[in-house]
Amino acid sequence: MGSDNTNRRTVETEFKKAMVRVNVPVGLLVTAFGIGLMVLVGSYLIKYFRGAVPLREVYGTEQAGDEYVSFDINYVLDAFMESYRTRSGVRTKSSIYYLVLDEEAGAVPVRISGKMEAEMDRIMDETWDYLKGVRSDPPQGLHVEGTLKKLKGDGKKYYDRAVRSFDLETETESYYFWAGMLDNQTPSSAMGTTGLGAVIALLGLFILSSMLKKHHVAAVRTFLDSHKTINRERLDEDFRNARKISGTFWIGEDLTYGIVGKPVILVNQELKKVRFQVKKVGRGTSTELVSVMADGKEYEFTMNRKDADEAIALYHAKFPALKMASSLKGKLMVPEDGDTESN
């Protein structure tokens with residue numbers, strides 16, 4: 001009886017270890033990515049919900065970098081740089097940089113999207129009309145919130161040139177005001193990204209929580225219930241003598257054991273064909289051993305080519321009548337779906 005208990009634990013224990021190898025790294029990686037996304041973007045959302053700091057309080061100080069601020073754009077002197085992007089062969093204006101004059105902060109570079117261009121041009125026209133005496137009232141300004149970012153490269157060069165053309169002072173280190181943006185995205189996008197991070201983190205936790213379920217026990221019980229001709233002792237004996245192909249796949253004399261999301265046990269005599277395939281998964285690929293059963297069901301076991309070749313060779317040796325590749329190093333056929341099969 002003691003020996004039976006030891007054998008009984010072997011199948012379930014190895015299945016549980018295999019589930020840990022498959023799910024824990026993935027679950028931890030997905031959870032960490034989701035939490036990282038939440039923390040990274042969430043830090044900016046904290047500034048957003050805290051409320052924008054007046055630009056004048058931080059501009060020109062060490063606190064300026066990446067600070068979420070509010071700014072009253074009242075006097076626009078000129079546009080000094082434009083940036084473009086090309087999508088589907090169409091080139092469109094993405095950002096315009098303006099030189100804005102503030103009574104306290106001085107010459108402030110302001111980056112706006114193309115949607116705000118007309119409004120900024122209006123303020124610029126009213127600014128010059130006011131300065132030339134054509135207009136008696138000051139320009140009708142604009143209150144905007146956004147992020148302060150460091151100005152460098154061509155932006156810094158063109159900004160300095162514009163500032164000098166108006167005989168204004170420029171600093172060695174300059175920051176531009178990115179209107180309507182929270183870091184490098186809009187507040188609504190940041191909220192969406194944080195929400196996505198939360199969903200990804202929950203998905204990772206769900207993957208990890210699956211380890212609490214006894215799939216390894218249920219797989220054995222379900223198999224025995226559906227195969228009355230195979231008793232527990234025969235299953236234990238077969239698994240004890242099975243060859244371990246990988247940490248998640250074993251081939252016995254009568255049965256095959258592996259992980260396809262959950263543990264599965266297959267009857268070798270019910271196998272119709274086995275093949276190796278390379279399948280596209282997102283932007284990457286997955287290498288798998290595919291077991292095709294007599295009833296048409298397919299089971300895809302993730303493993304590398306070397307392990308798959310070993311498994312196919314073992315099947316071929318045990319079951320010569322099994323339809324499979326006649327040569328593991330033969331010609332490769334690649335169907336449209338990306339599968340690779342030995343013929």
Side-chain angles (χ1 to χ4, degrees), residues 41 43-83 93-152 154-191:
V41 181
S43 61
Y44 292 104
L45 280 177
I46 290 174
K47 294 180 181 180
Y48 176 74
F49 289 119
R50 174 208 63 191
V53 177
L55 178 140
R56 293 176 176 179
E57 292 184 8
V58 298
Y59 197 74
T61 69
E62 294 181 356
Q63 188 184 344
D66 294 327
E67 185 60 78
Y68 188 67
V69 300
S70 61
F71 187 34
D72 291 318
I73 301 175
N74 293 319
Y75 300 98
V76 179
L77 298 180
D78 198 6
F80 64 88
M81 189 173 75
E82 296 177 347
S83 61
K93 189 183 297 184
S94 59
S95 296
I96 307 99
Y97 293 75
Y98 286 87
L99 185 63
V100 174
L101 186 62
D102 183 79
E103 294 176 357
E104 294 185 20
V108 180
V110 174
R111 177 181 177 180
I112 58 101
S113 66
K115 296 178 181 179
M116 291 180 61
E117 183 178 13
E119 187 72 2
M120 292 293 286
D121 285 347
R122 176 192 63 77
I123 299 175
M124 182 166 61
D125 290 341
E126 291 181 3
T127 296
W128 285 108
D129 286 345
Y130 178 70
L131 293 175
K132 294 177 180 178
V134 177
R135 177 188 176 94
S136 59
D137 296 326
Q140 184 177 351
L142 189 66
H143 180 81
V144 188
E145 294 183 354
T147 300
L148 286 174
K149 307 288 287 186
K150 191 171 183 178
L151 188 65
K152 38 189 182 178
D154 288 341
K156 173 64 173 170
K157 180 178 70 175
Y158 293 133
Y159 165 71
D160 288 342
R161 183 184 300 172
V163 169
R164 285 194 297 269
S165 69
F166 291 104
D167 294 327
L168 299 172
E169 295 182 0
T170 181
E171 302 291 336
T172 303
E173 188 173 74
S174 302
Y175 292 87
Y176 68 89
F177 173 73
W178 197 353
M181 302 298 285
L182 182 62
D183 187 38
N184 60 353
Q185 56 188 313
T186 64
S188 59
S189 295
M191 292 178 192

Under 3.5 Å side-chain donor-acceptor pair for Glu82 and Tyr97: no
Cationic N near anionic O, under 4.0 Å, Glu67 to Arg50: yes
Minimal non-hydrogen separation, Ser165 against Ala162, with atom names: OG-O, 2.5 Å
Atom pair CD1 (Ile96) and CD1 (Ile112), whose distance is rounded to the nearest 0.5 Å: 4.0 Å
Any side-chain heavy-atom pair of Met81 and Tyr176 under 4.5 Å: no
Pair Phe80 + Tyr158: ring centers closer than 6.0 Å: no
Pro139 versus Glu126, closest heavy-atom pair with distance: CA-OE1, 3.5 Å
Side-chain (Trp128) to main-chain (Leu77) donor-acceptor, under 3.5 angstrom: yes
Asp183/Lys149 ion pair, N-O < 4.0 Å: yes
Straight-line distance of Thr147 OG1 to Trp178 CH2, nearest 0.5 Å: 8.5 Å
Note, Ile73 side chain near Met120 side chain (heavy atom, < 4.5 Å): yes
Residue pair Met191 / Tyr48, side-chain heavy-atom distance below 4.5 Å: yes
Separation of Met181 CE from Ser113 OG (nearest 0.5 Å): 8.5 Å
Chi angles and distances behind the side chain to side chain donor-acceptor pair (under 3.5 Å) call for Asp125, Tyr130: CA-CA 9 Å; Asp125 290 341; Tyr130 178 70; over 6 Å; no
Between CE on residue Met124 and CG on residue Asp78, distance to nearest 0.5 Å: 6.0 Å
Arg164 side chain vs Tyr159 backbone, donor-acceptor pair below 3.5 Å: no
For Gln140 against Arg135, the heavy-atom pair lying closest together: N-NH2, 4.1 Å
side-chain contact (heavy atoms from CB on, under 4.5 Å) assessment of Leu45 paired with Leu182: CA-CA 8 Å; Leu45 280 177; Leu182 182 62; 3.8 Å; yes
Pairwise side-chain contact, Leu151 with Tyr175, heavy-atom cut-off 4.5 Å (strictly under): no
Trace of the side-chain contact (heavy atoms from CB on, under 4.5 Å) decision for Leu101 with Leu168: CA-CA 10 Å; Leu101 186 62; Leu168 299 172; 4.2 Å; yes
Closest heavy-atom pair and its distance - Thr61, Glu57: CG2-O, 4.3 Å
The single option from Leu55, Asp66, Val108 passing side chain to side chain contact (heavy atoms under 4.5 Å, CB included) against Leu148: Leu55
Closest approach of Tyr68 to Glu145 (non-hydrogen atoms, all atoms of both residues): OH-OE1, 2.9 Å
Thr127 side chain near Tyr75 side chain, heavy-atom distance below 4.5 Å: yes
Val69 and Phe177, any side-chain heavy atoms less than 4.5 Å apart: yes
Reported CD1-to-CG distance for the pair Ile123 and Asn74, which is rounded to 0.5 angstrom: 7.5 Å
Interatomic distance, Ser174 atom OG to Asp160 atom CG [nearest 0.5 angstrom]: 6.0 Å
side-chain contact (heavy atoms from CB on, under 4.5 Å) assessment of Met116 paired with Leu142: CA-CA 11 Å; Met116 291 180 61; Leu142 189 66; 3.8 Å; yes
Distance-minimising heavy-atom pair for Pro54 and Ser70: CA-OG, 3.6 Å
Heavy-atom check, side chain of Lys156 versus side chain of Lys150, under 4.5 Å: no
